[in-house]
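This report refers to the structure that appears directly beneath it.
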Amino acid sequence: MKHDHQAPLGVFDSGLGGLTVVRELRKVLGHEDIVYLGDTARVPYGTRSASTVVRYAMGCANHLVAHGVKAIIVACNTVSAVALERLRVDLDLPVLGVIEPGARAAASATRVFKVGVLATAGTTSSGAYVRAIAACSTRVETIGQAAPLLVPLAEEGWTTGEVPRLAARRYLEPLACAGVDVIILGCTHYPLLFDVIQEEARAMIGNHVEIIDSAHAVASEVAGFLESRDLLREDSALGTTRLLVTDLPKSFEQTASRFLGSPVDSAEQIDL
Ligand code: DGL
């Protein structure tokens, strides 16, 4: 099907964490309209089975298709890890995930051919990062580490101080012991803890350690993809961001603006 380049981009995540991807998309694709869907009623996905995540992901994607989007960006690492192929097969529009861009950035950054990945339990056990990095370079060894506690810490805004520091240290320990020099933040929520993770990683591994924020890598790949397919919006006006959620959390505005990095005034509640 030929998609209209003036149509919005659809972005979805299990919750509000995917707004970290929207924040990066906004920096490089300021003129695009974005419809963001956060499945806040069913977050987290990271602890659920692959078949449940596939079912939830299909519901989110079909809802965005009904909004006439020209492409879908799966901001959730867990969905990208277990449901991307199914979405690509079932949907008649481009579907981009967050694993491959982060994997490519990490594979080219490592000097010792060892990459660590902090992610949810679902993403880690899927082996998706291991496969994606191996597809870039068979020389690179990938060490995955599930870091489940970092999700609620980011949601709560508990991103500085002793508690996130201790949690980060605990999760980084196996990666430091394995001798990695690059660490991928393989979860939508972790960029909010970037500073604390970087400080701890530097203390344990050394100042040369590189932390890859996959949201950043995703945004430049999406921009390149839209350009190559002639799908960029031709308009000098700034694009809009429409927020759809399946539940309205009490502290929605504060949480969403923390992830987005700018104020959020409203969201529409939808049923999937
Ligand atoms: N969005 C999820 C991810 O990036 C994190 C939150 C969840 O577990 O749903 O993996």
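First listed ligand is number 1; within each ligand, the first listed atom is number 1. None of these values were measured; they are calculated from a predicted model. Index from 1, following the sequence.
Cluster membership check: V140 does not share its hydrophobic cluster with I183, using side-chain heavy-atom separations under 4.5 Å among Ile, Leu, Val, Met, Phe, Trp and Tyr. Put simply, I99 and V182 are part of the same group of oily side chains (I, L, V, M, F, W, Y) that touch within less than 4.5 Å, one to the next.
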Atom pairs, nitrogen or oxygen, ligand 1 to protein, under 3.5 angstrom:
from, atom 1, to, atom 2, distance (Å)
ligand 1, 1 (N), D13, OD1, 2.7
ligand 1, 1 (N), S14, OG, 3.1
ligand 1, 1 (N), T188, OG1, 3.0
ligand 1, 4 (O), N77, N, 3.0
ligand 1, 4 (O), T188, N, 3.0
ligand 1, 4 (O), T188, OG1, 3.2
ligand 1, 8 (O), Y45, N, 3.4
ligand 1, 8 (O), G46, N, 2.8
ligand 1, 9 (O), S14, OG, 2.6
ligand 1, 9 (O), Y45, N, 2.7
ligand 1, 10 (O), T78, N, 3.2
ligand 1, 10 (O), T78, OG1, 2.6

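Between E210 and R111 there is no salt bridge, since no side-chain nitrogen of the basic residue lies less than 4.0 Å from a carboxylate oxygen of the acidic one.
Here salt bridge (Lys or Arg N to Asp or Glu O under 4.0 Å) pairs that include residues 167-196, with residues two or more places apart or in two chains, are R169-E200.
Partners of F12 under the ring-ring contact (aromatic ring centres under 6.0 Å, His included) rule, at least two apart in sequence or in another chain, do not exist in this structure. Partners of Y129 according to the ring-ring contact (aromatic ring centres under 6.0 Å, His included) rule, which considers only residues two or more places apart in sequence or in another chain, do not exist here.
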